[in-house]
Amino acid sequence: MRPTVYIKDLKNHVGEEVTLKGWLYNKRSSGKLKFLILRDGTGYIQCVVFKGNVSEEIFDSADKLTQESSFEVKGKVKAEPRSVGGYELDVTDMKTVAISHEYPITPKEHGIEFLIDNRHLWVRSKRQVAILKIRARIVKAIRDFFDSRGFTLFDPPIITPNACEGTSTLFEMDYFDLGKAYLTQSGQLYVESGAMALGKVYSFGPTFRAEKSKTRRHLTEFWMVEPEMAFYNLDDDMDLAEEFLEYIVQTVLAECKEELKELERDTTKLEKVVRPFPRISYDEAVEILKKNGINFEWGNDLGGTDETVISGQYDRPVMVHRYPAEVKAFYMKRDPENLKVALAVDVLAPEGYGEIIGGSQREDDLDLLLSRIKEHNLPQSFFEWYLDLRRFGSVPHSGFGLGLERTVSWICGLEHLREAIPFPRMIYRNTP
RNA sequence: UCCGCGGUAGCUCAAUGGCAGAGCAUGCGGCUGUUAACCGCAGGGUUGUAGGUUCGAGCCCUACCCGCGGAGCCA
């Protein structure tokens with residue numbers, strides 16, 4: 001039997017008698033009075049059990065409920081300023097569904113390691129519920145954004161025969177009689193074929209990196225959204241990325257007020273995320289680093305601390321474009337005005353959250369792409385299908401990838417990426 | 001792979017080389033307005049593992065195991 005009413009809807013039932021179903025979040029008692037905090041996934045409400053209002057049996061059953069026990073409760077809804085949330089339930093009847101064993105996550109603080117070990121239970125806590133709701137809303141905002149702008153969803157394969165960009169370490173597996181296969185590190189090359197078929201496409205799915213990155217900004221399995229657009233140059237690409245990020249942030253601000261409050265997120269920082277975003281070249285970024293006393297050599301990629309210094313100059317995401325071609329992937333187009341740099345862009349989130357978007361205009365010239373593949377010592381046979389995209393009606397095109405968990409982490413103001421996904425996968429952890 | 005930090009009750013932590021403790025959680029008792037409620041009582045320990053120094057090691061030394069943070073790499 002389904003619940004008759006969910007906690008989030010109680011404001012429409014003041015004065016009525018309703019039945020709620022859920023779990024015991026916490027309990028306090030004061031002799032003949034018991035306060036049961038019920039949670040049902042939509043909210044929390046204090047249920048008051050007064051000894052004079054219920055049978056002895058029911059009063060005792062309220063006493064026996066342990067933290068996270070499941071139960072049904074019937075009572076009258078009333079507005080109550082003394083209660084957190086503003087509403088309260090005067091209990092007339094209740095039924096225990098299951099008494100919980102001793103619950104490991106107590107109301108006191110816990111260490112991160114213990115909480116991750118109990119991730120399957122930790123997701124019940126207020127903070128985690130708020131984060132997961134915001135994540136779900138961000139995912140919807142991403143889909144809404146592209147679906148309403150003429151993009152078609154285009155799903156690349158997850159099992160691939162080779163390293164997409166030839167740089168990262170991948171998860172390897174035996175694939176029947178065909179030798180080794182790998183879990184994808186990016187749908188990038190495949191969505192390019194989609195853009196040639198459908199004009200504007202995006203993929204949204206899990207991505208895998210086997211690098212032994214041991215930081216709060218890395219997971220081995222994460223979700224990435226990758227739009228790819230035919231006839232877009234780098235400026236068009238940046239225009240889209242900018243509009244995209246503004247849309248996501250402003251949507252969450254408008255629709256997840258309660259959750260952001262639960263996370264104690266400083267929303268004034270998010271309110272500033274409106275177009276236009278600053279756009280600086282890699283050369284200008286290097287100047288900023290030098291002005292801040294950082295010894296940085298032209299030609300290197302930006303490190304974590306470099307990114308923090310650069311993004312610290314601005315109150316909104318900053319787009320750094322035209323990186324040295326040497327440090328970027330083989331498929332990125334060189335700038336015709338300066339062949340040493342690639343038409344690439346990284347978007348750095350504010351408040352030290354680092355790179356959340358990486359994108360570029362792609363090399364559309366067959367001969368140049370061929371020579372890049374040779375320079376990078378990549379097996380040409382694996383890329384013949386990709387080269388076909390240049391053989392058969394090549395056009396200028398661009399795209400980018402946005403890391404979902406880094407975006408969730410930034411918008412929620414998290415310390416660590418592992419809270420941004422239900423079950424994080426890291427180099428020394430694949431459980432629960 | 002490298003650098004740094006850590007491992008004590010179910011959890012979070014304390015303990016000058018000298019009797020291993022507190023809070024929370026659990027159990028029992030008390031309280032008609034609690035807000036991580038409070039008050040009283042009780043149970044709960046191979047101090048990561050293996051050696052070593054010492055009259056005596058949670059603490060000092062050596063090795064190993066595990067974890068966390070950072071670097072590199074990246075979203």
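Each chain gets a letter, A, B and so on, in the order the sequences are listed, and its residues count up from 1.
- Among the atoms of the strands shown, base atoms are found under 4.0 Å from some heavy atom of A/Glu88.
- Of all nucleotides listed (B/rC31, B/rU32, B/rC74), B/rC74 comes nearest to the side chain of A/His218.
- Contact of A/Ser30 with B/rC38 (side chain to base): no donor-acceptor pair of N or O atoms is detected under 3.5 Å.
- Counting non-hydrogen atoms under 4.0 angstrom, A/Asp301 reaches the backbone sugars and phosphates but no base.
- Residue-level contact check: A/Thr207 touches neither bases nor backbone, having no heavy atom under 4.0 Å from any strand.
- Counting any heavy atom pair closer than 4.0 Å across all strands shown, A/Arg217 reaches a base atom.
- If you check every strand for non-hydrogen atoms under 4.0 Å, A/Leu219 touches a base.
- Within 4.0 Å (heavy atoms only), A/Gln46 reaches at least one base atom of the nucleic acid.
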Which is it for A/Val327 and A/Asn300 under the side-chain contact (heavy atoms from CB on, under 4.5 Å) test, yes or no, and what are the steps along the way?
CA-CA 7 Å; A/Val327 300; A/Asn300 290 337; 5.9 Å; no

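- Nearest nucleotide to the side chain of A/Phe35, out of B/rC68, B/rU34, B/rC74: B/rU34.
- Look at the P atom in both B/rA9 and B/rA14: the space between them is 12 Å, to the nearest Å.
- A salt bridge is defined here as a Lys NZ or Arg NE, NH1 or NH2 lying under 4.0 Å from an Asp or Glu carboxylate O, and A/Glu17 with A/Lys76 fails to meet this definition.
- Taking only side-chain nitrogens and oxygens, A/Arg216 never comes nearer than 4.0 Å to OP1 or OP2 of B/rA71.
- The partner of B/rA14, taking Watson-Crick or G-U wobble pairs whose two distances both stay under 3.5 Å, does not exist in any strand shown.
- For the residue pair A/Glu72 and A/Thr19, no side-chain donor N or O sits within less than 3.5 Å of a side-chain acceptor on the partner.
- For the pair A/Arg28 CZ and B/rA25 P, the computed distance is 11 Å after rounding to whole Å.
- Counting non-hydrogen atoms under 4.0 angstrom, A/Phe222 reaches a base of the nucleic acid.
- At a threshold of 4.0 angstrom between heavy atoms, the contacts of A/His416 are confined to the sugar-phosphate backbone, with no base atom among them.
- Using C1' as the reference atom, B/rC61 and B/rC73 are 38 Å apart when rounded to the nearest Å.
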